[in-house]
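I have placed the structure first, in the form of structure tokens, so that the comments after it can refer back to it.
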Amino acid sequence: MRDGMWGATRYTLRQLEYFIAAGDLGSITRASERLSISQPSISTAISHLEQELGVQLFVRHHAQGLSLTPAGHRILAEARHVIEQAEGLYAAASEVSEQVRGQISVGSMVTLAPMIMPELAHQFTSAHPATEIRQFTADQGQLLERLRRAEIDVAITYDLQIPEGILFSPLARLPPHVLVSETHPFAGRASVTLAELVAEPLILLDLPLSSEYFLGLFFVECLQPRIHLRSAHQDVVRTMVANGYGYTLANVRPRSDLALDGRRVVRVPVSGQHRPMVIGTATLANIRQSRLLETFEAHCRTCISDDYIPGMDPPAAE
């Protein structure tokens with residue numbers, strides 16, 4: 001290490017993070033989506049690093065993304081080490097000062113994030129001003145993969161096919177219910193059975209593992225639903241239902257009963273005993289958790305329960 005190295009350093013940890021994301025994904029566009037940062041910001045950070053370090057980090061392929069140069073591969077490994085050391089400093093400072101501080105990466109299931117994360121994150125950072133939450137939204141498979149690759153610290157998701165090596169801590173149960181339009185014959189019902197639904201057109205929320213859960217409710221009772229339409233977007237499903245195209249099954253309970261076009265949906269309980277989805281936190285097992293992560297999980301346990309879930313209606317009275 002040359003004398004005065006740190007004093008002469010003209011790059012930032014954030015620039016290194018942008019470089020690492022682009023190197024991992026081989027694309028500025030995908031890095032921008034992961035980090036929720038504009039593409040020009042990432043491009044500028046990479047160009048600055050190349051100028052400051054005096055090396056070319058990437059080969060740019062027109063319309064085909066990026067590939068690391070040999071020098072880029074070496075510097076990527078060093079950049080990871082620098083980021084790990086910086087995070088270690090925050091952790092050490094937190095332990096010594098007893099102040100919770102630092103950045104935590106939180107992934108959230110796409111169907112949960114719009115309701116749960118705004119309130120949950122705001123309350124946490126308000127209680128711990130020296131912290132920052134970096135949020136990611138994805139489906140179940142993507143969240144679990146990001147956990148395995150240590151790209152996120154914790155995921156707020158469902159208990160769907162949790163693999164070995166990931167610890168799931170349950171927080172709240174979400175039983176299934178039916179959504180119909182306000183003009184549907186079932187809208188005024190106190191409950192409806194799955195057997196009554198099979199003749200009706202199903203608008204299926206077609207997300208990995210989630211769709212298997214919903215269809216599994218029927219299969220357990222040896223029933224075959226009539227799938228009319230599929231969509232991976234929850235708002236599309238709700239709008240189709242509100243416009244009378246069919247019904248859907250759901251677990252989340254948004255406080256608003258309006259679809260995006262302003263039409264209303266009606267929630268009807270499903271009669272009988274059915275496996276609920278369980279909201280919880282997922283983390284890598286068998287690793288020492290930082291104080292920041294422990295504090296965030298404790299915050300989740302305080303804020304999310306069967307009696308109260310941020311952004312959702314309370315459970316129906318039994």
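Fair warning: this is a prediction, and the values are worked out from it, not measured in the lab. Both backbone and side-chain heavy atoms feed into the values below; hydrogens, waters and symmetry mates do not.
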Got more than 12 heavy atoms from elsewhere within 6.0 Å of [atom1], [X]?
X	atom1	result
Arg189	CZ	yes
Arg74	CZ	no
Gln123	CD	yes

Could you tell me whether the side chain of [X] and the main chain of [Y] form a donor-acceptor pair under 3.5 Å?
X	Y	value
His184	Phe186	yes
Ser210	Asp206	no
Asp153	Ile104	no
Thr248	Ile203	yes
Ser231	Val237	no
Glu221	Leu223	no
Glu196	Thr193	yes
Ser47	Ser43	yes
Thr157	Ser108	no
His299	Leu120	yes

### ring pair (Phe, Tyr, Trp, His ring centres under 6.0 Å) assessment of Phe19 paired with Phe58
CA-CA 10 Å; Phe19 164 54; Phe58 292 104; 5.6 Å; yes

Please report the closest heavy-atom contact between [X] and [Y], naming both atoms and the distance.
X	Y	answer
Leu160	Arg275	CD2-NH1, 3.9 Å
Met277	Phe214	CE-CZ, 4.4 Å
Phe136	Ile152	CD1-CG2, 3.6 Å
Leu179	Arg238	CD1-NH1, 3.8 Å
Val180	Val178	CG1-CG1, 3.8 Å
Val55	Ala71	CB-CB, 4.4 Å

### Query
Given the rule in the side chain to side chain contact (heavy atoms under 4.5 Å, CB included) test, do Ile279 and Ile156 qualify, once you have shown the distances and angles that lead to the verdict?
CA-CA 7 Å; Ile279 300 174; Ile156 298 174; 4.2 Å; yes

Rounded to the nearest 0.5 Å, what separation is found between the [atom1] atom of [X] and the [atom2] atom of [Y]?
X	Y	atom1	atom2	result
Ile162	Leu209	CD1	CG	9.0 Å
Arg14	Gln103	CZ	CD	6.5 Å
Thr281	Leu171	OG1	CG	5.5 Å
His73	Leu57	NE2	CG	11.0 Å
Leu202	Gln224	CG	CD	10.5 Å
Arg173	Asp306	CZ	CG	4.5 Å

Test of understanding: clusters of I, L, V, M, F, W, Y form through side-chain heavy atoms closer than 4.5 Å, transitively. Do [X] and [Y] belong to the same one?
X	Y	value
Leu25	Leu76	no
Ile227	Val220	no
Leu260	Tyr247	no

### Query
If we ignore angles and hydrogens, is there a donor and acceptor under 3.5 Å between the side chains of Thr44 and Ser41?
no

### Message
Does either side chain, that of Gln15 or that of Glu52, offer a donor lying less than 3.5 Å from an acceptor on the other one?
### Response
no

### Message
Parallel, tilted or perpendicular, judged at 30° and 60°: which one describes the rings of His228 and Tyr245?
### Response
parallel

### Message
Working note: Leu144 + Arg149, criterion side chain to side chain contact (heavy atoms under 4.5 Å, CB included); need CA distance, chi angles, decisive distance, verdict.
### Response
CA-CA 9 Å; Leu144 296 178; Arg149 295 175 59 180; over 6 Å; no

### Query
Going through the checks in order, is the side chain to side chain contact (heavy atoms under 4.5 Å, CB included) test met by Leu204 and Leu215?
CA-CA 9 Å; Leu204 180 66; Leu215 295 176; 4.3 Å; yes

In residues 251-259, what donor-acceptor pairs under 3.5 Å come from side-chain atoms, sequence neighbours left out?
unit_1, atom_1, unit_2, atom_2, d
Asn251, ND2, Leu174, O, 2.7
Asn251, ND2, Tyr213, OH, 3.2
Arg253, NE, Asp313, O, 2.9
Arg253, NH2, Asp313, O, 3.3
Arg255, NE, Met312, O, 3.3
Arg255, NH2, Tyr308, OH, 3.0
Ser256, OG, Leu258, N, 3.2
Asp257, OD2, Arg264, NE, 2.8

### His177 side chain near Leu249 side chain, heavy-atom distance below 4.5 Å
no

### Task
May I ask you to test the Ile20-Ile83 pair for a side-chain heavy-atom distance under 4.5 Å?
yes

### Task
Check step by step if side chain to side chain contact (heavy atoms under 4.5 Å, CB included) holds for His61 and Val59.
CA-CA 6 Å; His61 305 287; Val59 176; 3.6 Å; yes

### Task
May I ask you to check whether Tyr158 and Phe168 place their ring centres under 6.0 Å from each other?
no

